[in-house]
Amino acid sequence: MNRRVDTLLRTALETVQGNALRPVTVLPLAVRRRLAGAPIQIDGNVLDPELQLLMRIEGLLPNATKQSVASARGNLLTLSKLVAGPRRELLRVTELTVRGADGQLGARLYVPRSAPSSGGGLLVFFHGGGWVAGDLDTHDAYCRVLADDAGIRVLSVDYRLAPEAEAPVAAEDAIAAFNWALEHAEDLGADPAYVGVGGDSAGGNLAAVVAQQCALRGFAPPAHQTLIYPALDLVGRRPSRDLFAEGFFLTEEDILWYRAHYTPDPEIRPSPLVSPLLAEDLTGLAPAHIVTAGFDPLRDEGNEYATRLASAGVPVTHVCEPAMVHGFANILALPGETQAAQSRLTAAIRKALNPAG
């Protein structure tokens, strides 16, 4: 029976081109549930069956083991196209450059049809990928949806990656790029009072660093910080790392591989520029919206950071999506609970950064 199920899945997968999982998602619900297998319950949470089916499909993809930096980057781009869903058309998508810590960085500005011609909100966005993989293209689909659904401009920044640029280069790039965006907010069509910072995974790490360092260095702060299943501590280890070490997209092997490339010198790992959860003083930071996932090895550090921010008097909303896995925000092609979780996240960003509400 398992062989037959794998054959069915592989046949569907072979028809997938570019950004569509439609051959799988149009199957009757009962069939999708059967293909997904028995429900997975860990730590009191039940995995979304649509994600469970996607993980089954991922197991049929070419080996995604991190054999090289090039393969890791290529695999992430391939997977991002597989789960992207239909392309969201916007009013305008513009390639531009922004200031980095040492020269210019590529960036992409997304302007939805619903955004005002001037005076709207702007989210400076940093992509995930373990500080090693990911780029403007891997997160293009998500930035389009985010801009469109939240009704704000999104500026996606192509910060420098490891191992070519080790920590804290990405952090310094992110700080410089955010400050550039704030200085040029009106040129970008945004209200300087509504410029926020955000990112997913490694990008969530960078967004947290930006919020901290703006306060520490006396820079103008972001209006808001959105941290999507962020990586926040490259030193410590929490129970979720063991609970979800394998089988849920981001593995323990992945975490260690990314960490070794981003911080080959272990001495830098406790620095708040790398591990913002280890910062001693969190007072006075920008309001935060933190999203964690029930089946994510990084879940517990995100939960802990939300608690620490609240204890420091920072306005925080924390949503743990119990049925989700690391990376769910980019999985745009699945129906059901994944879309609902994405909608909740987008609604929070709209509320924080859209002057019109």
Side-chain angles (χ1 to χ4, degrees), residues 98-102 105 121-128 131 152 154-155 157 159 167-186 188 190-236 262-263 268-292 298 301-318 348-349 351-353 355:
V98 302
R99 184 176 66 237
D102 183 24
L105 304 172
L122 171 69
L123 179 70
V124 181
F125 183 84
F126 303 110
H127 65 76
W131 309 277
I152 62 170
V154 174
L155 180 67
V157 176
Y159 58 88
V169 169
E172 295 292 352
D173 275 349
I175 296 164
F178 171 76
N179 280 297
W180 181 93
L182 195 58
E183 293 168 10
H184 293 82
E186 293 183 354
L188 298 172
D191 182 339
Y194 286 89
V195 178
V197 65
D200 65 310
S201 192
N205 168 285
L206 297 178
V209 168
V210 168
Q212 288 187 8
Q213 294 300 314
C214 283
L216 185 65
R217 302 181 189 188
F219 298 150
H224 191 269
Q225 53 178 319
T226 301
L227 313 182
I228 307 169
Y229 35 80
L232 298 167
D233 184 359
L234 275 68
V235 178
Y262 184 51
T263 57
I268 198 175
R269 291 173 189 167
S271 168
L273 281 169
V274 173
S275 298
L277 181 55
L278 302 185
E280 293 183 4
D281 184 8
L282 300 179
T283 58
L285 299 187
H289 181 75
I290 300 178
V291 178
T292 53
L298 302 184
E301 59 197 75
N303 293 350
E304 183 177 331
Y305 194 56
T307 299
R308 285 202 59 208
L309 286 174
S311 297
V314 177
V316 179
T317 55
H318 172 220
I349 296 172
K351 181 179 179 180
L353 292 179

Exercise. Among all residues two or more places apart in sequence or in another chain, which pass the ring-ring contact (aromatic ring centres under 6.0 Å, His included) test with Tyr159?
Worked result: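 If we apply the ring-ring contact (aromatic ring centres under 6.0 Å, His included) test to Tyr159, skipping adjacent residues, the hits are His127.
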For this session: Quick one: list whatever passes ring-ring contact (aromatic ring centres under 6.0 Å, His included) with His184, sequence neighbours left out.
Result: Trp180
Problem set entry | Sequence neighbours excluded - salt bridge (charged side-chain N to carboxylate O under 4.0 Å, His left out) pairs with any residue from residues 269-285 | none
List the residues meeting side-chain hydrogen bond (donor to acceptor under 3.5 Å, both in side chains) with [X], not counting sequence neighbours, and say none if there are none.
X	value
Thr307	none
Glu301	none
Ser271	none
Tyr229	none

Exercise. Would Thr317 and His289 count as having a side-chain donor-acceptor pair, cut-off 3.5 Å?
Worked result: yes
Holding to salt bridge (charged side-chain N to carboxylate O under 4.0 Å, His left out), I want the full list of residues that pass it with [X], two or more places apart in sequence or in another chain.
X	value
Asp191	none
Glu304	Arg238
Arg99	Glu183

Minimum-distance pair of heavy atoms, taken over all atoms of [X] and [Y]:
X	Y	answer
Ile268	Pro168	CD1-CD, 3.5 Å
Ala352	Tyr194	O-CD2, 4.0 Å
Ala215	Gly284	CB-O, 4.5 Å
Ala211	Gln225	CB-OE1, 3.4 Å
Val209	Pro272	CG2-O, 3.6 Å
Gly128	Asp200	N-OD1, 2.8 Å

For this session: Compare all side-chain heavy atoms of Leu278 with those of Asp233 and state whether any distance is below 4.5 angstrom.
Result: yes
For this session: Would you indicate whether the side-chain heavy atoms of Val124 and Val157 approach each other to under 4.5 Å?
Result: yes
For this session: Report the residue from Leu182, Leu227, Leu122, Val210 that forms a side-chain contact (heavy atoms from CB on, under 4.5 Å) with Val197.
Result: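 So the option named by the test is Val210.
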Give, for atom [atom1] of [X] and atom [atom2] of [Y], the distance between the pair rounded to the nearest 0.5 Å.
X	Y	atom1	atom2	result
Leu273	Gln213	CG	CD	4.5 Å
His224	Ile349	NE2	CD1	8.5 Å
Leu123	Leu353	CG	CG	6.0 Å
Leu309	Ile290	CG	CD1	5.0 Å
Asn205	Tyr305	CG	OH	9.5 Å
Leu232	Ser201	CG	OG	9.5 Å

For this session: I would like to know whether Trp131 and Thr263 meet side-chain contact (heavy atoms from CB on, under 4.5 Å); could you show each step before the answer?
Result: CA-CA 10 Å; Trp131 309 277; Thr263 57; over 6 Å; no
Seminar exercise, completed: Sequence neighbours excluded, the answer for side chain to side chain contact (heavy atoms under 4.5 Å, CB included) partners of Asp102 is Arg160
Problem set entry | Partners passing side chain to side chain contact (heavy atoms under 4.5 Å, CB included) against Pro221 (at least two apart in sequence or in another chain) |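 Checked Pro221 against side chain to side chain contact (heavy atoms under 4.5 Å, CB included); zero matches.
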Exercise. Do the side chain of Asp173 and the main chain of Gly100 share a donor and acceptor less than 3.5 angstrom apart?
Worked result: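 No: the side chain of Asp173 does not pair with the backbone of Gly100.
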Problem set entry | Backbone of Leu234 reached by a side-chain donor or acceptor of Ser275 within 3.5 Å | yes
